[in-house]
Structures are given as C-alpha cells and as structure tokens.
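Below is one structure; the comments refer to it alone.
All ligand and atom numbering here is 1-based and tracks the order in the structure.
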Amino acid sequence: MYGNAYIDPNDKSHAIIAGEDPQKLAEFEDRISRGEKVEPKDWMPAEYRKQLIRMIEQHAHSEIIGALPEGTWITRAPGFRRKLALMAKVQDEVGHAQLLYSAAETLGKSREAMINDLITGKSKYSNVFNYPAYTWADACIIAWLIDAGAIINQVANAKGSYGPYGRALDRICTEESFHLKYGHDNVVTLATGTLKQREMVQAALTRWWPPIMHFFGPSDKISNHTEILMRWKVKMATNDDMRQQFLNMYVPKIWDLGLTLPDKNLKKNAAGTWEYTEPDWEEFKRVINGGGPCNAERLAVRRMAEERGRWVREALNTAESKYIIPLA
Ligand code: FAQ
C-alpha cells in the first residue's frame, strides 16, 4: 500500500516509483487523492517532476511552434478585421508559451535548456504543427478545430494536481475560447459561401482530419505515460476519453455545416460511443519524431529566431553591454 492507493503488481507505475521514500510517497499520494495542489517547493517524487517538465515543456513548445502555420496567414487573411483578429490570436499563442515556460521553470529546468532542447530536436511538440497551412481555409480549420481540441485537453488538465500548471491553463483556456469563436466564424463563412469557398474548406478539413485524430495522443492501449499521469492527477482524462469528447462535441457541428469527414466508419453507436477507423499510429510516430512534412522548416524558423534574438538577450543580461549607448 502507498497511501490510499493499492499497488497492483502488474501496474507499470510500480517500478517507476520504486526508489522513492515510501513514507513521503504515501503522504504525497494522500495529498493528491484529497485533491490538494502541489506547489513548487513541496516534496514530489522525481518521476512526477520529470513527467511534468516533459509535458509542460512540450505544451509550451507547441504554442510557439503553433504560431507559425497561422502566422504566415496574417498578411494574407481576407480583410482588415480578420488580419487584426489573427494577429491577436497568434500573439496570444506566443503569450501562452511564456506562461507555460514559466510554469515549467518552477520545476527546475531553465528556459534556455528548454529552448535548446526544442531547436536541437530533443523535445517534442504537438504533431499538428508539422503540417502545412496551404490555404486560408487551413488556417480557419486550425483556429476552430485545433483550438477546440486544445481546449478539451486544457480544461481537463487545468484541474490537475500541479498548481502552477493549472493556474496557467485557466488563463490560457479563457483566451482560447475567443480563438474558438473566431475559428468557428471563419469556417461558417466559408462553408456557407460560394462553391469555391465550400470546396476550399472541405479540402482543408479532409487534410486536417488525420492529424486532428492524432492530436489527443496515441490510443490508451499504447499510450506510455497515461497510467502514472492519471494516478498523480496530472492528466485528468485519458487520450481516448478526450478524443471521444471532441468527436461528441464537434462532429455534429461539422456535419451541420454540410461538410463531410474522410472516415467512412465514423459513427456514434447505440451505447453513445464514437466508432472510427483506428488512426495511423505509424504516421503519428514518424511526425512526432521529426519526419513530418514541416518539422525541418519549423525548427529552422525557431533556430533563426533564436539566433536573431541573441543580441537582445545579451544586451538585457549584460549591464555594460556594447549595445547600450552611453548617455554622456
Ligand atoms: N503530438 O504516453 P502518451 C495547442 C507523444 S497546444 C506530439 O499518451 P502523454 C494550442 C508523447 O509526448 C497543443 N507528441 O503521452 C494552439 C509521448 O512521447 P515520449 C499541445 C505526442 O503525455 C492551438 C508519446 O507520444 N497540448 O494546440 C502527442 O501521456 C492552435 C506517447 O504518448 C499539450 O501539449 C501529440 N499530439 O499524453 C496553438 C497539452 N501525443 O515523451 C496554436 C499537454 C502524444 O514518450 C494554434 N499535454 N505524444 O517520447 C498533454 O495533455 C499530453 O502530453 C498528451 C499526450 C495528451 C498530448
């Protein structure tokens, strides 16, 4: 027994926490089961810290990399109002990365180390941002359905056990809800527009459906981290639960717009569960491990930004910097 939790000998998490002080672990798990928040200076198992750093860091990277496919559409968005709205959205996403990097820093990994792991390809970020946004409709589908998926995930994670992550997510979710409305409005405009607009949004939806199905992570049967993360209330829903929630909320809305989805097996069964063709997990693995259509380009842009911003960071860090012009 660890605290209130019975350890099943077949439970993979048993090995992960084997080296921890049983007393401290029991107290920690009791706190988690009481729904208390864990704060940066509290004792935590090494694996809890490691998992949180991994997850929050990947989330932060996803926000800054996620700004890239949409960002290229700012100058080409139809009309001044949409340009302004998209600019604000992209700025929000970068702000979310700042909040998340700060939350991850409370666990002891520096921002420099995180950025370095991103640009050297060591860290992962969301699969979806490794696909191109060919047309304006792709940017609209991202803003509607990727943000919708992100909200489902983040609303669940916000109730999780680590205080700084939960608080960052509460704020992020508020902003994401505006993005969702903006994305929905754009998709409705295209889906109820001219034949050419309808074809454009349908083609984008067809392109984005497989990455969207991957977005919630591998199926629970093959997910590596879900078991331990659910046990410690870092994840508050499994990958399959989140996928089901998304299908339940958005497939009817998509069909209502007269759009179709590229999965002939997609249907809600009598028990209320969505059935679908199993996503191609080999494609997913390839994309998250650097082999997607845009991975190289995305990291090249981040490396360029890192290089071009170096002088600013140096100037801020050096009191007698050569970049500061003396007043007298
Ligand atoms: N992409 O064992 P699991 C956004 C990896 S924010 C890439 O199931 P876990 C805002 C996973 O890391 C979007 N990799 O993993 C926005 C693991 O690899 P590892 C980001 C993925 O952690 C909108 C392996 O697969 N949100 O979109 C993905 O228990 C529009 C095994 O997977 C977050 O990061 C994936 N989709 O569950 C911005 C939320 N899924 O480390 C701009 C926080 C899994 O063993 C525009 N993260 N992997 O080598 C989470 O909730 C979880 O990490 C999951 C994955 C649910 C994503």
Which ligand 1 atoms are under 4.0 Å away from a heavy-atom of [X]?
X	value
N153	39 (C), 43 (C), 50 (C), 51 (O), 56 (C)
K235	8 (O), 9 (P), 29 (O), 37 (O)
Y165	43 (C)
G217	40 (N), 44 (C)

Check your understanding: Quick one: which of M242, R54, R243, H225 has a heavy atom closest to atom 22 (O) of ligand 1?
Key ->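 Looking at heavy atoms only, R54 sits closest to atom 22 (O) of ligand 1.
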Review point. Do protein heavy atoms approach atom 13 (C) of ligand 1 to less than 4.0 Å?
Key: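 There is a protein heavy atom less than 4.0 Å from atom 13 (C) of ligand 1.
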Check your understanding: Charged N to carboxylate O below 4.0 Å: is that the case for E93 and K89?
Key ->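 Result for this pair is yes, salt bridge flagged.
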Check your understanding: Cationic tip of K181 within the cone over F178's six-membered ring, i.e. under 6.0 Å and within 45° of the normal?
Key ->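 The answer is no; the distance or angle limit is not met.
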Review point. Is a side-chain N or O of N186 found less than 3.5 angstrom from the main chain of C140, in a donor-acceptor match?
Key: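 No, the answer is negative, given that no donor and acceptor are paired below the 3.5 Å cut-off.
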Practice item. Check if E176 has a non-hydrogen atom at a distance under 4.0 Å from any atom of ligand 1. Key: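 A heavy atom of E176 does come that close to ligand 1.
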Practice item. Consider ligand 1: state whether an atom of it lies below 4.0 angstrom from any non-hydrogen atom of H179. Key: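 Heavy atoms of H179 never come under 4.0 Å of ligand 1.
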Practice item. Mind checking whether K89 contacts ligand 1 via backbone (N, CA, C, O), side chain (CB onward), both or neither, at a 4.0 Å heavy-atom cut-off? Key: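 Under 4.0 Å from ligand 1, K89 contributes side-chain atoms alone.
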**Study point:** Part of A150 within contact of ligand 1 (heavy atoms, under 4.0 Å)
**Key:**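 Side chain only; the backbone of A150 stays clear of ligand 1.
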